[in-house]
Number of protein chains: 2
Amino acid sequence: MNIENSKAQMRKGILEFCILSVLERGEAYPSDIIDELKKAKLMIVEGTLYPLLNRLKTDELLAYRWEESNSGPPRKYYSLTPKGKEFLDNLAETWKELENAVKNIRKTK
Amino acid sequence: MNIENSKAQMRKGILEFCILSVLERGEAYPSDIIDELKKAKLMIVEGTLYPLLNRLKTDELLAYRWEESNSGPPRKYYSLTPKGKEFLDNLAETWKELENAVKNIRKTK
DNA sequence: AAATAGTACCATGCAATACATAGTAGTATA
DNA sequence: TATACTACTATGTATTGCATGGTACTATTT
């Protein structure tokens with residue numbers, strides 16, 4: 001049993017929350033999102049990010065627009081929809097509950 | 001996109017950590033573990049717990065012994081191995097890093 | 001112009017794990 | 001014996017992060 005695998009498993013399920021959080025602060029395109037997460041020491045790879053963004057778009061939590069880049073190919077800027085913002089609030093609550101649960105398990109008794 | 005599913009996904013990857021934490025405090029059999037987690041508001045079902053316990057046993061993080069019950073079928077008591085304790089310490093560190101990563105993403109910038 | 005490099009996005013098979021469901025088995029009680 | 005309760009086992013399904021391979025656009029180099 002491998003700690004790197006456990007790290008990846010722990011990331012599962014919270015990346016959605018983190019990505020919506022990044023976009024709460026303002027629209028961004030995928031590389032920006034990767035950079036923001038990397039700054040917070042949370043690594044995500046393209047093979048994960050793109051399908052995830054597409055899922056969120058399909059579920060109407062995100063919207064996007066294309067923008068020409070002045071130094072490379074066009075970019076897809078994502079932003080939160082009102083529905084996305086609401087969902088994010090729910091995720092934030094869920095995360096807090098999870099944190100508390102872990103805290104209780106680690107401390108109590 | 002369904003908040004209940006997101007809750008389940010957030011649980012993925014940290015149940016291992018929580019179960020090892022419960023056992024850090026002393027050996028327990030599966031129903032005890034379920035009760036401890038339930039007390040902390042973390043729900044796990046048998047179909048998840050048993051395979052997980054078996055995986056941890058297979059990886060030598062847990063040991064178990066059978067004990068006759070005085071009011072029902074025999075019980076399988078699990079306990080942490082030294083290897084398990086060491087792995088748990090790593091998981092605790094990983095969890096802390098994850099908490100900080102989320103905190104940074106939610107707060108910074 | 002063609003080739004190469006850098007950047008951006010897309011597609012998909014695989015591995016891991018939570019859950020739902022179905023079942024077996026031991027013990028106690030009706 | 002049948003039923004109920006408790007405990008453990010097995011497995012198919014759904015979901016999602018990762019590895020890998022690819023397409024496409026723009027800029028730079030040959």
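What you see below is based on every heavy atom in this structure, not just the backbone, and it leaves out hydrogens, waters and symmetry mates. A note on names: the letters A, B, ... follow the listed sequences, proteins ahead of strands, and every chain is numbered from 1.
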**OP:** Round to the nearest Å and state the distance from B:Ile33 atom CD1 to D:dT6 atom C1'.
**Re:** 16 Å

Original post:
Taking the nucleotide of DNA chain C with the closest heavy atom to each, which residue, A:Ser6 or A:Tyr29, is nearer the 5' end?
Top reply: A:Tyr29

Original post:
Do A:Leu49 and A:Leu37 have side chains that get closer than 4.5 Å, going by heavy atoms?
Top reply: no

**OP:** Identify the 5'-most and 3'-most nucleotides of DNA chain C with at least one atom closer than 4.0 Å to a non-hydrogen atom of chain A.
**Re:** C:dG6 to C:dT17

Under 3.5 Å, side-chain donor or acceptor atoms of residues 87-98 of chain A against the rest of the protein: list the pairs with distances, not counting sequence neighbours.
{"unit_1": "A:Asp89", "atom_1": "OD1", "unit_2": "A:Lys85", "atom_2": "NZ", "d": "3.1"}
{"unit_1": "A:Asp89", "atom_1": "OD2", "unit_2": "A:Lys85", "atom_2": "NZ", "d": "3.3"}
{"unit_1": "A:Thr94", "atom_1": "OG1", "unit_2": "A:Asn90", "atom_2": "O", "d": "3.0"}

Original post:
Going by number, which of residues 61-75 of chain B have a non-hydrogen atom under 4.0 Å from DNA chain D?
Top reply: B:Trp66, B:Pro73, B:Pro74, B:Arg75

Original post:
Sub-3.5 Å donor-acceptor pair from the side chain of B:Arg25 to the main-chain atoms of A:Ile105, do we have one?
Top reply: yes

Subject >> Contact residues, residues 47-56 of chain B to DNA chain C [heavy atom, < 4.0 Å] >> reply: B:Gly47, B:Thr48, B:Leu52, B:Arg55

Original post:
For residues 23-54 of chain A, which residue pairs qualify under ring-ring contact (aromatic ring centres under 6.0 Å, His included), counting only residues two or more places apart or in two chains?
Top reply: A:Tyr29-A:Tyr77

Subject >> Strand-adjacent residues in residues 89-97 of chain B, judged by heavy atoms under 4.0 Å from DNA chain D >> reply: none

Original post:
Across the strands shown, which category fits A:Lys12 at heavy-atom distances under 4.0 angstrom: base, sugar-phosphate, nothing?
Top reply: base

Original post:
Nearest-Å distance, CG (A:Asn2) to C1' (D:dG17)?
Top reply: 14 Å

**OP:** Mind checking side chain to side chain contact (heavy atoms under 4.5 Å, CB included) for B:Ala101 and listing every partner two or more places apart, or none if nothing turns up?
**Re:** A:Leu42

Subject >> Separation of atom CG in A:Asn5 from atom P in D:dG17, rounded to whole Å >> reply: 14 Å

**OP:** Rounded to the nearest angstrom, tell me the gap between atom NZ in B:Lys7 and atom P in D:dT15.
**Re:** 18 Å

**OP:** Apply side-chain hydrogen bond (donor to acceptor under 3.5 Å, both in side chains) to B:Ser21 and list each qualifying residue two or more places apart in sequence or on a separate chain.
**Re:** A:Arg106

**OP:** Quickly work out the A:Glu46 CD to D:dG22 P distance and round it to whole Å.
**Re:** 15 Å

**OP:** Measure across A:Ala28 and A:Asp32 and return the closest heavy-atom pair with its distance rounded to 0.1 Å.
**Re:** CB-CB, 3.8 Å

Original post:
If you round to the nearest 0.5 Å, how far is OG1 of B:Thr48 from CD1 of B:Ile34?
Top reply: 9.5 Å

Subject >> With A:Glu4 via side chain to side chain contact (heavy atoms under 4.5 Å, CB included) - residues at least two apart >> reply: A:Asn2, A:Lys7

Original post:
Taking the hydrophobic residues Ile, Leu, Val, Met, Phe, Trp and Tyr, and joining any pair whose side-chain heavy atoms are under 4.5 Å apart, which ones share a cluster with A:Met43?
Top reply: none

Subject >> side-chain hydrogen bond (donor to acceptor under 3.5 Å, both in side chains) contacts touching residues 52-64 of chain A (sequence neighbours left out) >> reply: A:Glu60-A:Lys83

**OP:** Examine distances only and state if a side-chain atom of B:Thr81 and a backbone atom of B:Leu61 form a donor-acceptor pair shorter than 3.5 Å.
**Re:** yes

Subject >> Pairs flagged by salt bridge (charged side-chain N to carboxylate O under 4.0 Å, His left out) wherever residues 64-74 of chain B is involved - sequence neighbours left out >> reply: B:Glu27-B:Arg65, B:Arg65-B:Glu67

